[in-house]
There are 2 protein chains.
Amino acid sequence: MKPTLQAVADAVGVSRSTVSNAYSRPDQLSAALRERILDAARQLGYPGPNPTARSLRRGFVGSIGVLFTSQLSYAFTDPFAVRFLTGVSAAAERHGTSMLLVPLPPAQTDARRAVENAAVDGFCVYCVADEEWALDVIRARGLPYVSTAPRDDAGADERYVGIDERAAARGIAAHVAGLGHRRVALLADAVLPDAPAGPLTLDGVHEAWHPTTRGRLTGFADAFGEVGVDWADLTVVNALGNSRQAAAAAVAGLFDGPAPPTAVLAGSDVLALGVLDALAQRPGGANPPVSVTGFDDIPEAAAAGLTTVRQPAEDKGRIAAELLLDPPADAAAGHVLLPTALVVRASTGPVPRS
Amino acid sequence: MKPTLQAVADAVGVSRSTVSNAYSRPDQLSAALRERILDAARQLGYPGPNPTARSLRRGFVGSIGVLFTSQLSYAFTDPFAVRFLTGVSAAAERHGTSMLLVPLPPAQTDARRAVENAAVDGFCVYCVADEEWALDVIRARGLPYVSTAPRDDAGADERYVGIDERAAARGIAAHVAGLGHRRVALLADAVLPDAPAGPLTLDGVHEAWHPTTRGRLTGFADAFGEVGVDWADLTVVNALGNSRQAAAAAVAGLFDGPAPPTAVLAGSDVLALGVLDALAQRPGGANPPVSVTGFDDIPEAAAAGLTTVRQPAEDKGRIAAELLLDPPADAAAGHVLLPTALVVRASTGPVPRS
DNA sequence: TTGAAAGCGTTACCAG
DNA sequence: CTGGTAACGCTTTCAA
């Protein structure tokens, strides 16, 4: 039998309250008595107040949940997600708060359960795909949260940290357009819930499933619209997953037609690297060269010479956690837009003469 | 006021037990009644049973702790640690268990508190440095745990997953010795608790602080002993942290003497990369060339052409979590030694003619 | 199939 | 500074 606080109280001959105070409110008793109690506890092997009981009584847990709306084990393989976690952990560390990583089972009903059962004081929601259901559960629980996806219907009181997806996307697309590219493919993960890999027909950007994808595609379209390339002239390519393999599979055959795209704008660096993989695999290599851009500026992007949009990944995580842990008094301060930068490297160049 | 289970019971006109059963034991009531209860709950905005209260009553939490005996935010920047986490998360995911990452405050007293307060059913202890105190707390709490460090005094019932540090180290050192190297430096992080960066005098391997370091240094010494190089002839170099910067700082000046080492065996890839950084920075570059080896085989090692020891990082995490989540009936199965492989790349070569 | 009663181990309030 | 008392919100026998 593990000893309880009661056992220590009995051993010392004081009440439970006093033992409790010895742990949680040292100023409420004499140092001598406190020592006597702590000694007795050590003697008995009492490991301190039971965390669960304490949380129940106090009404808070001392840990924040980090929710990935994708497989948790996948999150660790995504460099951007890892840097986000680094930021969250830095803030959590400063606060003495733990981080609970909640894995989501495939079935959505079970996933709801997972979120309902998480013993946390709030959530950082790292948005990968559709997370409305998760936010619903969190709101129903009355827990605070901070999300990283732009939500179209975000309430004013909803805390959020992100970037101006549309402006950032427009910036990199303008760079590509400025190089003369007009036959362009836009590559994103899970554009539509159940679409197959490869080129897709999308009536408009609004059809895209995920807000982040919508934002980026809109920015891409903005820039090309300005040089006279309509939405209908752009090729949207769907990838089944945010991985190099998925990207390579998605663009297989894309360059085989009579008028192949001369540039591919990807929604993430990982996807862009996959496109480079696919191009490198082609017989004859990437000839004529195809310009490729990414998004995020993960470490691998530099090594691969990828032109991309840099966003401050760690800051995103750190600020998300800080917004959760010290809510700003001013509601407007709950919406944070981080700066981005266009990073031009070797993966983009002028359109080759045909 | 957030509604409680009681409120739902009142609304439907049944007892709390029945509502509880509706959530946790659907087979204990009619489907119709269950629906009625769940509907009422939805109506009232009842988010399901409070996780903390449920844990208190049930006696378990449904989450495992992952304990890094270093800064948590550092763990995410260590590629090996991230891959370990990937493995843990894969196992946790399969089990429907959450992972609690516990940050340790600098002061050890507070760190004990952090471990005492973690609401978890067990711990995966990722060993970085001295973790005895943490294991003490965990044992006092009566929680199961799995560690990744070889412990000299490990009880037979102690679960552990790791590699044969000594044999692996001997293997890579034998490779270096076979290339003719005899003036060799051994680089490790935190060899002694408070030693400064740089060369160190160590009477013997037994003085090294951390078991992992001891194991690796012993293996290195074994291999060189076999070719007639005594312990006293080896230079042990201390790094203040497992980072490229720390390694570079530690070996600064190491190659300036009259008889500099021709090879550096590092205790991790990250340290080895730091040595390569330092060599590249030298006026004249690394000339004559110095052989460098690492440990772990992180992704960056391949790109850098680093000769190293490969160990299965994800398997380590996955198996640690599995050992915790499904304890093997057979105690012997609780000790897992993973295979390692010597990976020879360009960073090692024959001793240059002097 | 349902309900009453008894805790799970702690902390907070308030009187002494 | 100390100790009683009353929750915190739920699950689990066990009897009806």
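A quick note: this is a predicted structure, and the numbers were derived from the prediction, not measured. Per chain, numbering begins at 1; letters A, B, ... match sequence-line order.
Enclosure of atom CZ in A:Arg113 is not indicated, since only 12 or fewer non-hydrogen atoms of other residues, nucleotides or ligands lie within 6.0 angstrom.
For residues 98-110 of chain B, there are no side chain to side chain donor-acceptor pair (under 3.5 Å) pairs, not counting sequence neighbours.
Using a 4.0 Å heavy-atom distance criterion, A:Leu56 is classed as a base contact. Within the 4.0 angstrom heavy-atom criterion, no nucleotide atom of any strand lies near B:Phe60. Residue-level contact check: B:Thr52 touches neither bases nor backbone, having no heavy atom under 4.0 Å from any strand. When heavy atoms are screened at a 4.0 angstrom cut-off, A:Ser55 is found touching no nucleic acid atom at all.
Chain A approaches DNA chain D within less than 4.0 angstrom (heavy atoms of the protein), and the contacting nucleotides run 5' to 3' from D:dC1 to D:dG9.
Ring-plane geometry between B:His335 and B:Tyr160 is classed as perpendicular, the angle between the planes exceeding 60 degrees on a 0 to 90 degree scale with a lower cut at 30.
Legend: residues meeting side-chain hydrogen bond (donor to acceptor under 3.5 Å, both in side chains) with A:Asp326, ordered by chain and number and at least two apart, are A:His95. Scored by the ring-ring contact (aromatic ring centres under 6.0 Å, His included) test, A:Phe80 finds no partners at all (sequence neighbours excluded). A search for ring-ring contact (aromatic ring centres under 6.0 Å, His included) contacts involving A:Phe123 returns nothing, not counting sequence neighbours.
One can place CZ of A:Arg25 at 16 Å from P of C:dT10, the figure rounded to the nearest angstrom. The distance between atom CG of A:Leu29 and atom P of C:dT11, rounded to the nearest whole Å, is 13 Å.
On a pure distance criterion of 3.5 Å, no polar donor-acceptor pair joins the side chain of A:Arg54 and the base of C:dT10.
Aromatic ring centroids of B:Tyr23 and B:Tyr46 lie under 6.0 Å apart.
Under a 3.5 Å cut-off, the side chain of A:Arg54 and the backbone N or O of A:Pro49 do not form any donor-acceptor pair.
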Could you go through the salt bridge (Lys or Arg N to Asp or Glu O under 4.0 Å) check for A:Arg139 and A:Glu158 one step at a time? CA-CA 11 Å; A:Arg139 281 189 289 257; A:Glu158 195 149 76; 3.2 Å; yes
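Place B:Arg57 and B:Leu33 on DNA chain C by their nearest nucleotides, and B:Leu33 ends up nearer the 5' end.
Contact between the side-chain N/O atoms of A:Tyr23 and the OP1/OP2 oxygens of C:dG9 is not found at any separation under 4.0 Å.
Of the residues in residues 7-19 of chain B, B:Arg16, B:Ser17 come within less than 4.0 Å of DNA chain D through at least one heavy atom, sorted by number.
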